[in-house]
Amino acid sequence: MSTLIVWIGLSLVFSAVFIRRIQIVLAAVIVIRILVPGVVQNEVMPGLHPSTYLFLCFILIQGAFAPRIFGQAIRSAGAWPQIVLAAIAAVMMTDVGNPGSAGLLDTTMFIVGIVWAPYYVFVFMRYSIRSIPGAGKAYLVTFALLALTEAVLSQVQVATGRPVVWESDFSKIWLTGTVSELGAAIGTFGHGIQVGVFFAATMPLLALIKSMLLRFTLAAGLLVTVPLAYGRMGLILTVVGFMFLVVIGGRKLLRSILFAAVVLAALLVSIQGVAGEKLLLKFEDDNGSAALRVAAFDWFWEHTAEFFVGGYPGGRDLKGEGTLGSSLENGYFMMALMFGILAVVAFFIFMVCLLFSQLDIKGRDSWPGAAAAALIIVAINGYSSIGGNSIDIHLFWFVLAMASYRSFRSPHPRDEPRTVSSPNSTAPVEALGLRVGQVSA
């Protein structure tokens with residue numbers, strides 16, 4: 001509890017110091033969510049993830065001391081999306097009276113941490129990108145540096161056979177209570193699948209980097225690292241993300257193809273190693289993983305009538321109770337088990353509608369964020385994700401906000417007159433080889 005009190009105090013101070021530079025606080029929310037894995041959340045502090053506590057403190061400070069900006073950001077979200085989200089959350093809260101419910105406090109914490117807070121991070125990120133010059137650049141640099149950090153850490157983990165970060169916590173969860181040899185890259189997430197999902201989501205965003213050399217260098221680093229996570233879905237989604245990058249990353253097709261060929265060659269070379277051999281073996285023999293997923297799928301559809309409206313009335317740890325040999329291995333299914341199929345279908349439709357609302361077919365600047373968000377929607381189907389408190393839902397809203405930047409529009413608050421920005425205001429960004437919101441070669 002003392003750690004929580006100290007963290008809330010620091011979060012309040014940090015939010016107050018950067019009260020006018022909200023992009024710095026929101027970038028910190030992204031960083032903390034990625035670097036502090038959900039599986040050790042309760043070991044760090046009770047209740048919510050540290051990033052969520054930081055965001056709640058940010059909301060409190062903004063509402064109390066910057067009400068005009070706070071009001072503009074909330075209004076920018078529109079009334080109907082917020083009403084729909086509130087209705088979905090209210091339906092989920094009815095699970096409190098269910099015999100299988102985790103209780104009022106845990107249910108509230110889950111809804112705040114997984115449903116409410118991530119959406120409003122998106123709202124404030126989108127508002128800042130539209131109203132604060134350089135905010136988009138701050139987020140792009142944040143994503144790029146985090147991806148590079150995860151790639152380097154993954155390489156070190158495989159080379160040393162140790163988790164390196166969160167070692168004791170990961171050992172208790174995955175390594176049967178001992179610090180033993182690590183079998184795959186797990187980054188700061190604790191699981192190789194999440195490494196692949198993060199790389200896949202970051203890949204299309206690299207199209208926003210002006211320098212093609214830098215863009216494809218970072219892409220190569222992610223592609224040659226993802227096989228070390230030994231995840232089939234992560235590899236496939238990262239390759240798909242790379243294809244998005246090639247397609248939307250520039251209009252000079254020949255140069256894009258040449259760079260892409262070099263990157264793919266690097267991937268093929270990396271697959272020739274031990275990591276690649278183990279990964280390819282998983283495609284040939286998955287040790288019963290596919291059979292477990294089929295069994296989980298069958299159980300879900302056989303029992304849908306029991307939790308169509310409201311959560312499952314029995315024990316929800318299906319593996320722990322011996323009902324199945326694994327979890328449902330699908331984030332949406334696991335969420336439906338907790339809150340009912342109707343609520344989860346509504347939440348899924350809400351996510352898809354918001355995704356399409358951010359996509360401007362004629363404006364190529366919106367494509368990278370929308371493509372990244374679409375990949376995450378697919379990824380949630382492939383493993384426990386939401387039920388395992390992984391990064392997916394948060395990452396969906398983080399990257400979707402990047403779809404709102406337009407390179408041919410000067411950032412300005414929706415409720416304020418447009419102002420002419422200095423022609424030299426983007427010079428530092430150009431010097432770094434980054435131009436947020438503009439897809440160019």
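Atoms considered below: every heavy atom in the structure, side chains included; atoms not considered: hydrogens, waters and symmetry mates.
Nearest heavy-atom pair, Trp7 versus Pro50, reported as atom, atom and distance to 0.1 Å: NE1-O, 2.9 Å. Between Thr188 and Trp166, the closest heavy-atom pair is O-CD1, 4.4 Å. Between Ala373 and Leu400, the closest heavy-atom pair is CB-CD1, 4.0 Å. Here the shortest heavy-atom pairing between Thr160 and Val164 reads OG1-CG2, 4.1 Å.
Residues Phe242 and Leu206 have side chains not in contact (no heavy-atom distance under 4.5 Å, counting atoms from C-beta outward). Residues Ile361 and Leu359 meet the side-chain proximity criterion, which asks for heavy atoms closer than 4.5 Å. Using a 4.5 Å cut-off on side-chain heavy atoms (C-beta onward), Phe398 and Arg33 make contact. No side-chain heavy atom of Tyr383 sits under 4.5 Å from any side-chain heavy atom of Asn330. At least one side-chain heavy atom of Leu85 sits under 4.5 Å from a side-chain heavy atom of Phe347.
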message = Between Ser15 and Gln62, is the side chain to side chain donor-acceptor pair (under 3.5 Å) condition met? List the steps.
response = CA-CA 8 Å; Ser15 299; Gln62 287 292 314; over 6 Å; no
Please determine whether ring-ring contact (aromatic ring centres under 6.0 Å, His included) holds for the pair Tyr332 and Phe348, giving the CA-CA distance in whole Å, both sets of side-chain angles, and the decisive distance to 0.1 Å.
CA-CA 8 Å; Tyr332 301 116; Phe348 175 80; 5.3 Å; yes
Check your understanding: So Phe58 and Phe124, ring-ring contact (aromatic ring centres under 6.0 Å, His included) or not? Walk me through it.
Key -> CA-CA 10 Å; Phe58 163 81; Phe124 279 88; 5.3 Å; yes
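The side chain to side chain donor-acceptor pair (under 3.5 Å) check on Gln82 picks up Tyr120, with sequence neighbours excluded. Take Glu329 and apply the side chain to side chain donor-acceptor pair (under 3.5 Å) test, not counting sequence neighbours, and it matches Ser327.
The main-chain N or O of Ala401 is found under 3.5 Å from a side-chain atom of Ser404 such that the two form a donor-acceptor pair. Using a distance-only test at 3.5 Å, with no hydrogens or angles considered, no donor-acceptor pair links the side chain of Thr52 to the main chain of Leu48. Panel note: side chain Thr107, backbone Met93; no donor-acceptor pair is recorded below 3.5 Å. Proximity of a side-chain donor or acceptor of His394 to a complementary backbone N or O of Gly113 within less than 3.5 Å is detected. Of the possible donor and acceptor atoms, one in the side chain of Gln157 sits under 3.5 Å from a partner among the backbone N and O of Gly187. Trp367 contributes no side-chain N or O that, together with a main-chain N or O of Ala207, makes up a donor-acceptor pair within less than 3.5 Å. Side-chain atoms of His49 never come within 3.5 Å of backbone atoms of Ile114 as a donor-acceptor pair (strictly under, hydrogens ignored). Panel note: side chain Glu150, backbone Val195; no donor-acceptor pair is recorded below 3.5 Å. Without hydrogens or angle criteria, Ser128 side chain to Met125 main chain gives a donor-acceptor distance under 3.5 Å. Side chain of Ser366 to main chain of Ala403: no donor-acceptor pair is present (N/O by atom type, distance under 3.5 Å, no hydrogens or angles).
Once rounded to the nearest 0.5 Å, the distance linking CG of Leu318 with NE2 of His303 reads 9.0 Å. How far OH of Tyr127 is from CZ of Phe122: 15.0 Å, rounded to the nearest 0.5 Å. Separation of atoms CD1 (Ile132) and CD1 (Ile69) is listed at 7.0 Å; rounding is to 0.5 Å. In this structure, Leu228 CG and Ile186 CD1 are separated by 12.5 Å, a value rounded to the nearest 0.5 Å. To the nearest 0.5 angstrom, Met402 atom CE is 6.0 Å from Leu205 atom CG. To the nearest 0.5 Å, atoms OG (Ser385) and CD1 (Ile391) are separated by 10.5 Å.
Between Phe300 and Phe333, the angle of the ring planes stays under 30°, which puts this pair in the parallel group of the 30/60° scheme.
Sorted by first and then second residue, the ring pair (Phe, Tyr, Trp, His ring centres under 6.0 Å) pairs involving residues 82-110 (not counting sequence neighbours) are Phe110-Phe339.
In this structure, Trp299 has its ring center closer than 6.0 angstrom to the ring center of Tyr312.
When the options Ile32, Val31, Ile34 are evaluated for a side-chain contact (heavy atoms from CB on, under 4.5 Å) with Ser51, the one that passes is Ile32.
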